[in-house]
Amino acid sequence: MSTNTELQLRRIAAMPRGISVLCHFHAAQADNALITDTEGRQYIDFSAGIAVLNTGHRHPRVVAAIEQQLARFTHTAFQVVAYESAIALAERLNALAPIAGPAKTALFTTGVEAVENAVKIARHATGRSALIAFNGAFHGRTLLGLSLTGKVEPYKAGFGSMVPEVYHLPFPSEALGVSVDDALAALARLFKVDVDPQRVAAILIEPVQGEGGFYPAPPALLESLRALCDTHGILLIADEVQTGFGRTGRLFAMQHHSVHADLICMAKSLGGGMPLAGVVGRAAVMDSPAPGGLGSTYAANPLSVAAAHAVLDIIEDEKLCARAQTLGDRLQARLKRLQAADAGIVEVRGLGSMVAMELRKAGTHAPDVERVNAILRAALSRGLLLLNCGLYGNVVRFLYPLTIDDALFDRALDILDDVIQGS
Ligand SMILES: Cc1ncc(COP(=O)(O)O)c(C=O)c1O
């Protein structure tokens with residue numbers, strides 16, 4: 001097998017630099033929470049393929065479901081020849097998702113496709129075009145996804161004009177010094193200065209901002225947005241692409257809130273490592289686009305759908321929502337102990353197992369990206385794969401598979417302890 005250095009050189013020669021790669025090693029095998037590289041070294045995976053593997057790498061039940069489907073058919077194009085497994089998955093998601101009243105689900109392939117389609121559905125249902133999203137939001141890398149995303153470097157810079165009529169509001173968080181009142185005042189100003197609320201089709205929000213820094217949306221914000229949406233006939237879209245499928249301690253993060261979204265975007269851990277996305281929403285809204293208005297060639301891929309059924313079974317049978325809460329609590333307790341003796345750790349926060357630690361330079365309050373990068377590098381050299389996030393990249397985020405066993409989890413926390421204290 002090729003060495004990591006050989007593969008890195010081949011990648012740089014064959015692939016554009018715009019696709020940047022965090023790790024210097026290359027995967028040869030992955031099992032639950034461990035990745036083995038081409039040189040036989042093992043890494044504890046606290047990235048889970050960016051929140052895709054809540055059920056771990058190659059969960060045996062996911063593998064068996066894919067193998068069974070592989071023996072039947074791999075593709076018909078659902079829009080040409082439909083199949084029961086996708087219909088049954090839509091029925092399951094309609095029953096599970098926190099949507100008020102009857103729900104319908106449309107299946108797609110990637111997270112940004114779910115976002116694009118939720119916006120198309122909202123525009124069609126309201127007959128309006130303007131959209132509101134948040135600073136620091138991440139909604140994907142297509143041109144509409146980028147337009148909704150609230151971070152310029154590296155996502156938007158150099159890619160030309162964005163989709164018109166997309167507005168951004170400050171996202172409330174204590175660490176950023178933005179209150180719910182500040183965000184709502186900015187919305188009132190937006191309606192006064194920039195856009196007639198009667199032109200707004202939808203407000204998009206991540207119930208916990210992902211790429212933006214793992215900031216949970218305050219319940220008061222969602223309650224106020226819901227009320228404003230109802231007043232002005234605007235649809236509320238929850239982007240649960242990163243928060244979904246048990247990560248926050250509930251199947252959907254919106255289940256932590258007393259109000260419902262009209263549409264929910266989902267992807268990532270739904271497919272357990274297979275590409276699958278969807279939009280679930282109020283049936284009357286979902287039915288607005290005419291036949292042929294929605295769909296795509298690979299939407300509801302049969303192998304991905306088979307994997308998703310197994311994922312939903314595993315989350316229920318292995319009680320992964322409760323496990324997310326238990327592991328998240330243990331991690332937060334450990335990080336808070338470190339924080340007590342470390343002025344650079346300004347906040348440890350999270351919902352369930354969507355946990356983050358924000359670092360600033362002690363005394364100056366400036367984002368400490370250098371220390372975050374040093375922690376990521378040191379952890380990797382000790383065999384622990386971590387990711388960062390945040391508008392300034394100064395947040396360490398933790399996204400281990402919820403199926404990780406206690407011994408490996410504890411080993412990872414010990415490495416974390418060492419590298420944070422040594423940084
Ligand atoms: C909240 C959110 N929305 C949308 C996306 C885009 O998903 P994908 O990369 O599958 O297109 C992401 C990806 O990280 C995400 O975190």
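Just so you know, these numbers come straight off a predicted model, no measurement behind them. Nothing fancy with the numbering, it's 1 onward along the sequence. Start at 1 and go down the list; that is how both ligands and their atoms are numbered.
Among all protein heavy atoms, the one lying closest to atom 5 (C) of ligand 1 is V241 CG1, 3.7 Å. Protein heavy atom closest to atom 16 (O) of ligand 1, with residue, atom name and distance, is Q242 NE2, 2.9 Å. Among protein heavy atoms, atom 2 (C) of ligand 1 sits closest to F138 O, 3.3 Å. Closest to atom 8 (P) of ligand 1, if we only count protein heavy atoms, is G111 N, 3.5 Å.
Interface atoms of ligand 1 facing V112, defined by a heavy-atom separation under 4.0 Å, are 6 (C), 7 (O), 8 (P), 11 (O). Every atom of ligand 1 is numbered from 1 in the order shown, and the set under 4.0 Å from a heavy atom of T110 is 10 (O), 11 (O). Here is the list of ligand 1 atoms found below 4.0 Å of a heavy atom in H139: 3 (N), 4 (C). Below 4.0 Å from some heavy atom of E206 lie the following atoms of ligand 1, by number and element: 1 (C). Annotation for ligand 1: atoms under 4.0 Å from non-hydrogen atoms of K268 are 12 (C), 13 (C), 14 (O), 16 (O).
Taking the charged nitrogens against the carboxylate oxygens, D196 and R128 have no contact shorter than 4.0 Å, which rules out a salt bridge.
Note on ligand 1: D239 sits in its first shell, one or more heavy atoms being nearer than 4.0 Å.
Between F252 and F245, the distance from one ring center to the other falls under 6.0 angstrom. A centroid separation of 6.0 Å or more is found between the aromatic rings of F398 and F214.
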Practice problem: Might you work through the side chain to side chain donor-acceptor pair (under 3.5 Å) test for H309 and Q69, ending with a clear yes or no? | Solution: CA-CA 12 Å; H309 279 290; Q69 182 58 41; over 6 Å; no
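For the side chain to side chain donor-acceptor pair (under 3.5 Å) with Y155, the lone residue among H139, E211, R141 that qualifies is E211.
Of all heavy-atom pairs spanning R247 and Q242, the tightest one is CG-O, 4.1 Å.
Taking the six-membered ring where tryptophan is involved, the planes of Y83 and F78 are perpendicular, since the angle between them exceeds 60° and thus also 30°.
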